[in-house]
Every structure is written in structure tokens, then in C-alpha cells.
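Every chain is numbered from 1, with letters handed out A, B, ... down the list of sequences.
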Amino acid sequence: MSHFVLIDGNSIANRAFYALPLLSTSAGLHTNAVLGFTTMLLKVLEEMKPTHIMVAFDAGKVVFRHSEYADYKGGRAKTPPELSEQFPLIRELLDAFSIKRFELEGYEADDIIGTLTKTADEQDWKTTVITGDKDMLQLVSEHVSVALTRKGVSEIELYTPQEIQEKYGLKPLQIIDLKGLMGDTSDNIPGVPGVGEKTALKLLHEYGSVEEVLENIDRVSGKKLQENLRENVDKAKMSKELATILREAPVELDVQETGYTGYDGVTLSDFFKKMEFKSLLSKIKVEAPDDGQAANAAPFQYEVISAENAEKYADKLTSPMAVYVEMDGDNYHHSPIVGFGLSADDVNLFVPWDVAKEWKAFCQWLADGSQEKWTFDGKRDTVGLAWHELDIKGINFDVYLASYLLNATESNPTLDSIASQYAQVRVRSDEEVYGKGAKRLLPEMDVLSEHAAHKAAAIWQSVPVLREQLTENQMNELLNDLEAPLSMVLALMEKQGIKVNRDRLTQMGVELDAKLEELTKQIYELAGTTFNINSPKQLGEILFDVLDLPVLKKTKTGPSTSADVLEKLAPYHPIIDAILIFRQLGKLRSTYIEGLTKEIHSQSSKVHTLYNQATTATGRLSSTEPNLQNIPIRMEEGRKIREAFIPSEEGWYMLAADYSQIELRILAHISGDENLIDAFRNGMDIHTRTAMDVFGVSEEQVTSLMRRQAKAVNFGIVYGISDYGLSQNLNITRKEAGDFIERYFSVFAGVKQWMEDIVKQAKQDGFVTTLLHRRRYLPDIRSSNFNLRSFAERTAMNTPIQGTAADVIKLAMIRMQEALQEKGLKSRMLLQVHDELVFEVPQDELETMKNLVPEVMESALELQVPLKADVNFGHSWYDAK
DNA sequence: TCGATCACG
DNA sequence: ACGTACGTGATCGAC
């Protein structure tokens, strides 16, 4: 049966461009949209096996078929030059694929596709439209499906009339009514103000179409909504018209011409070479396609090692070699080990755990630092194996860290996604192999062994491609001198763990229980009824319906009951204070008493966190199971939790050192603002100094209110300031906040200049970097959507600051671990909390460490201003203040 | 599974 | 005019 595939070329190119990092060839040609387009095409050809295929493009000036609305598409951002220059390449790509392309002067791709699907409908052809544009769902019919790309262009979601019914409860043609009511900012379709997807769907479910809604305005529920509809009748009608895809374009195309018989492998591979798509080369058949039989590369082969045949394979253990340690479970402090996948040029092996641990040659090879290993998450391997008394040394490349550095926005890279980007072998996701949630179970050994061998092969194949891209981004040092050594330092810290006094926690829990019980009683009495205080919904009903308190802020689901709202409501009713305390204590009990107790390791009686080195967009670490980076400190009751964190050896001390104002110091350095640099060089209290400058007073005249406000301004600066954000924080008007900011910028003109420059730079490059070349892509920086763009602009200002601070403390940690080793100290580094390091220290090393730790931290990186670290110690983390 | 809330820097 | 502070993770209730 024939299958006609129609591709919306402009939409796919746009999607691909904004979803992928701005890659370029060594000659400086941008290729990310071409790459995304290619990936999509290969997928479509393989999965849909079209007999006919074509790609439609917009061409020339779009004819204003809606002359009554000249703004049409006016709000659309100009196509950035980095994308426009790729369109000729995409045309070349299609020619290389032997795929027919089509454009029509004065018409958009939508119109061409709309017209062709109409013909297809009339002739009973099975047709699929590929696009990123939801508007196109209106074309769906019995014969026509629409495939929407997701996550950029890597995934496809197929819509038939059934799916549209399930997802929206609408018929395909009603998608037009949906757009008419809710509008579409990216296409500059206005819609009805105040009507979003939810409201629009509700209206359509009731009335069926825009026209019917407009005829029944009086029956619509909601005064405001009625008013909005009444005032925007014309807008709604026009929006619907704008959203309607033209199906009568003068397309003169003989569908038979789009018949597809495959591509010429040589032409296509030449094109890939020119684009430097190395990982794609092996995915295509280089001989000309023949009978359509899959003439793929040799099937994947691997061998399973047994106790009997192991010796025969000893000489296959080479350097370098890819190693994947397959474990059963996500938390490697507890996971049993399944076995090892190994891979090199001409060999793929699987060594089951029972065989591995008895195989001497293998264990020696594994522990031999001169035998180079390539891994995926070497920290996981190191710690996981350490729990089973096995050493792994010589880790020389970590594809997990590498792929994170290349794109930090896609957090927690998985091996299956890395493989699909950089390797030829296909790796199934762990979820697919093990099942997820309650359905998780350990699969058969042959499934596991193949899975592990695939992973090792994927590592092996990815390394050369990753190396090349790292070089291009100037990230080799960042990986080799920062992230990779850091991962081994973190491995030590995680395996070491931190001692937690369980009895102390239990005792605090008992006290909390008593207080919570008392508070619960009080709250029920004040409310006149019992309810679940932990449910924002039920609490909202009590506060705003029963007690009739004013609603100051709303969330998507109802009135907000968050702490900042409750604080403002406190004067109205005594129940508020009780609720605030209940929340505070409840949090302590569930998260920090019960949660932390659950995490105490049965084997070591300590807590062993997992530091995630590839999660954050800025380069910071994060900590889970348990999160030791958010242990309370601001309120005294919570801070007491820190009394339970104690040294693991008799007579030792806890020592904590934190950077003072590291982010503002970094801002001083990178902005080069002379005033800010001067302030830090003179060792001044930066908030007081800011208050002096902003309020124009002398040091003695700075009141505590002025200092507090200046402090908030400094925070705002680091976050990428806005008058609204500052006004919320300080509870002042927007105007007042705006005045503060203006005064700040007139005093710190260098900071202002830097902020303007960095946003400009980000718009140009599509990314920002830290001092050590860490990179964050900002796909929304050129968005026409004000919110998205503003967010990206604030991120452009914040990320270099927060990210450089992360770089600095990471450097300090590496130096610190080296120093401990060199000096033969017994002290151990246990925790990192963004700008703080925590150690346990024997008494006779206290004096040494009190000097050494700040010294190492302060000299981690030389800036135009001094770095400063304060150090404290005591018998618990609480006392190290 | 998601949103609200709140703990940290 | 637009509607927000930057970066995380854990717990709970509601769906």
C-alpha cells in the first residue's frame, strides 16, 4: 500500500535549530538545523517507509490573504542569520536524499500541505504530515495523520482523529476554533484576551465552535469571561480565520513525481562528510539501495565470559578500553553489581559479576591505573565497586561528564541518548530493559549481558566524537582538569559518608511530635473543625471560605497559602501563626527527622549522599538521597538538626569553611566595575558599602533598614534584576524598586555595562560561558515571547556568575584533596554546599586545617579581587559556626 | 504523576 | 503591555 509523507520544512528546520546547540563545522558553517533535519528524515524513512515523500517550504513574501489583519505574523521574530544560512544546506540535503522539495511563491508550507492533503483525502491515500506546528492538527482525517515532533525533533507523536479526541476532546476541524479562542503568540494570532487552552476547551466542549460560543455569550459562566467575549467578537472571528489553513492553493504537482525509491549512499555520505556528521555516516547504507532489504552493517556480536573460558580472554583486556559496570538499582551505595560490559575496536565482552570477582587477571587490569578506561559515570563505577572491595583505576575519559559539558541544559544524560547522538550502536534505555516503578524487575541474564555490552560499545564509539566536540568548544581543560578529577574527589566523599547521630534525631522527633500534636489541637479549635492542615486545598477552604480571609495571591489551582501570603494574613486571625509554625515543624519532622533517618546506611551507620555532577544548568552540584545541601540553618529550631551531624571518630572535630560573597566578587571581576572592585579590595562590608553608595550617605549613617535593602538589591543583581522581583522581595512598590536599581546602576556603571553586553553576546552566540569555558545554551534568548525571552536574559546574566562560583569551589576541592594527600593528613572532606566545604578533623590537625582550608579556597583562582573564606569548627556541624 | 510548598546556596 | 527574581530536591495531597 502506498504511504504519502508530507514534511513541513520550515517548521522542522526551526524546531531543530532551537532544540540543538549551535554546532558548526571546522570551516565555521552552522549545521545544527541540518543535523536535526537529517535525524528526523532518517527516522521517518526507517519507521514510516514512505512510498511517496516531499518537503514543502515557505516561499517569497506571504500573500496577505487576511488583509483585514495586517499584523499577521508580524510578531514573529526575524529568522536569525545562523538559521537562514542553513536553508540552502537543507535543500542540498534533500537533494542528496533524492527527496522532492516544493515551494510556491507567495504561499506558506502550511498551505501547500493543506492543499495536498485535501487531494489525498479525496483519493483515499494514506498520508502523514510531519511538522512541529500544532495548528496542522486541523488537517487530520480518516486518511491523514499528523506527526508532531517533540523534544526538538528527536521524537514523534502521531495524531489520528482518535488521539485528538482523547487529548482534547475535539474533532480535528475544531482545532481551528481552539486557536481562534486562545490565540497563538508565535503566529501573532490574538485570540480572546483572558482565554487560554483550558477555558477554550471548556467553551468548545459546551458549544462546539467559535460561532456557537459567540451566539451564546449570555449563557457562558463567568462575568469576566462574558465581558471578554462580548468585547472581542470580531477578534475571535478573525483569529479563527487566521488559524485556518488554506486548502485551495494553486499547487501544480503531480504526486507521482514524489515517488520514493531510496537515496544514493555515496552522494549522501559525501554530504555528511562535508557537514562533518561523523556519527551519522555509519547509519546509512553506502551502496545504492536495491531491493529494499536492510543491508545494514554487521550485526552486533559479543561474548560472555565464564569461569572456564576466562583465561583465554585475558589478552583481550587492553588499554584503552570501554567499561560499563551494570548495576541493579539507581543508588550505587546499595546496588548489587550485575556484571561488566567491555568494548574496544574489535571486541565486545560481558563479564558476569560472579566470574569477574574471581578472575584475577581482570581485577588486576581493573585496578591498574596505567590501563586506560573509558566510562560512563566513573564516580558511580568507583563508589559502586568500592562497596564490594573492588578497585577501578585509570579512568581516562567519562562520556557522562563530557556530554553534560557539551549540553548542560539536558540534565542527567543517559547512555541511550548519548549513543543515539554520538554512536552507531543502539542502546535500549534502562527503563525499557528493567521496567519502571512497581513493574521493575531483574531481566534474564542474556538480556542483561547484551544490554551491558551494548553500553560499553556505545561508550567506545562515542569517545572520538565527544573529544572532537570538546576541542571545538575549548572544553578539554574543563573536563580533564576540573570535572574528571572532581568526580574522583566526590567519589571519596560519598563513600566516606558523614556520621549522623540517630538517637539525637529520634529524640528531636519525639519533642516535635508533642509540639505538633498540641498545634493541631489549637488549629482545629480555631477553625472550628478538623481538616488536613497539610492540604493546601483544604486549608484554603478553611481560611478563605470559612474564616473569610482576603485572597492576596492565587496559584493555578486556587488561592495561595504560601508562607509569604500567610505572613501578610497573620494580623487578621490567630490561626495563621499556628499554621506557619505547624508547617515549619512538620517540614522538620517529615523531611529532616524521618527522611534523614531512613537514609542511614545499614553497613556504615552513616549517610552517603549522591552528588550529581551532571544535573544543573549552571555547573553547580546537586545532592540527593539524602540531599545534604539543604539542611536547615536559617531558623534556630531547624538549625538544631545540624547537631546530629558529628565526626565519625572519637575526639575529632567538624570544621566548616565558606566563601564570603563569592558571587559578588566574581561579578566584580568579570564586570571589571571599578567601584565594586575597590570595595572588595578595601575589605569592606559589601552591603553597607552598597547602601552608602545607593543612598548617598556615610558609613555611620547607614541604618539597618538601608543595609537590608542594599543586600536585597545585591541579590537581585546576581539574579538578573527586575524591578518587579525586587519589589516583591522588599515589599515595596515597583516604582521604588525601580529607583533603587537606577541608583545602583549609576554608581556601579561597570556592572550595568556588563549586563547589557552579556545579553547582547548571548543573543549573538545563543549561549553564555563561565570563566572556565563552561557553557549554557539559551534557546529562548531570541524568542518573540516576552516571558521566555526575559527569563533567558536574566539567565544570561546569572549563569556566568553562579557558574563561575561553581567552577571556583570545584577547583578548590581538587586542590584540597591533593593537599590532604601530599601532607599526609588524616582529615577528610565530607560535604560541599555550593560555597561551603565541611570536614572532619582529628584534634591534632585542627590548627593546620584552620589555616590550610581557607588558604586553599582563597587561592583556587586568581581574580581582580581577593577571595575570602571564613572557617569555624566544633563538636558537630551545628557548632562549626 | 503533577503542583504546591519549603528547605538550602 | 507583557508578569518574574537565579539554581536545586523532598514531601505531601490530589488526580
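Here B/dC6 presents its P atom at 8 Å from CG of A/D564, a figure rounded to the nearest Å.
Nucleic acid contact for A/Q728: none, since no nucleic acid atom lies under 4.0 Å from a heavy atom of the residue.
The side chain of A/R734 places no N or O atom within less than 4.0 Å of a non-bridging phosphate oxygen (OP1 or OP2) of C/dG3. Contact check, A/T561 against B/dT5: a side-chain N or O comes under 4.0 Å of OP1 or OP2. The phosphate of C/dT4 has neither OP1 nor OP2 within less than 4.0 Å of any side-chain N or O from A/S790. For A/N534, no side-chain nitrogen or oxygen approaches OP1 or OP2 of C/dC12 to under 4.0 Å.
In summary, of the residues considered (A/E836, A/R620, A/H834), a side chain to side chain contact (heavy atoms under 4.5 Å, CB included) with A/Q629 occurs for A/H834 alone. Each of A/I721, A/I717, A/V694 was scored for a side chain to side chain contact (heavy atoms under 4.5 Å, CB included) with A/I741, with one residue passing: A/I721.
What you find for A/A668 and A/V865 is that their closest heavy atoms are CB-CG1, 4.1 Å.
In terms of polar N and O atoms assigned as donor or acceptor, the side chain of A/R794 comes within less than 3.5 Å of the base of C/dT4 in a complementary pairing. Remark: the A/Q802 side chain and the C/dC6 base include a donor-acceptor N/O pair separated by less than 3.5 Å. Side-chain atoms of A/S622 and base atoms of C/dT8 include no donor and acceptor less than 3.5 Å apart. If you check distances only, the side chain of A/R634 does reach the base of B/dG9 with a donor-acceptor pair under 3.5 Å.
For B/dC6 and C/dC2, the C1' atoms lie 29 Å apart once the distance is rounded to whole Å.
For C/dC2, there is no paired nucleotide, since no Watson-Crick or G-U wobble pair has both relevant distances below 3.5 Å.
When side chains are defined from C-beta on, A/V713 does not count as touching A/R743, because their heavy atoms never get closer than 4.5 Å.
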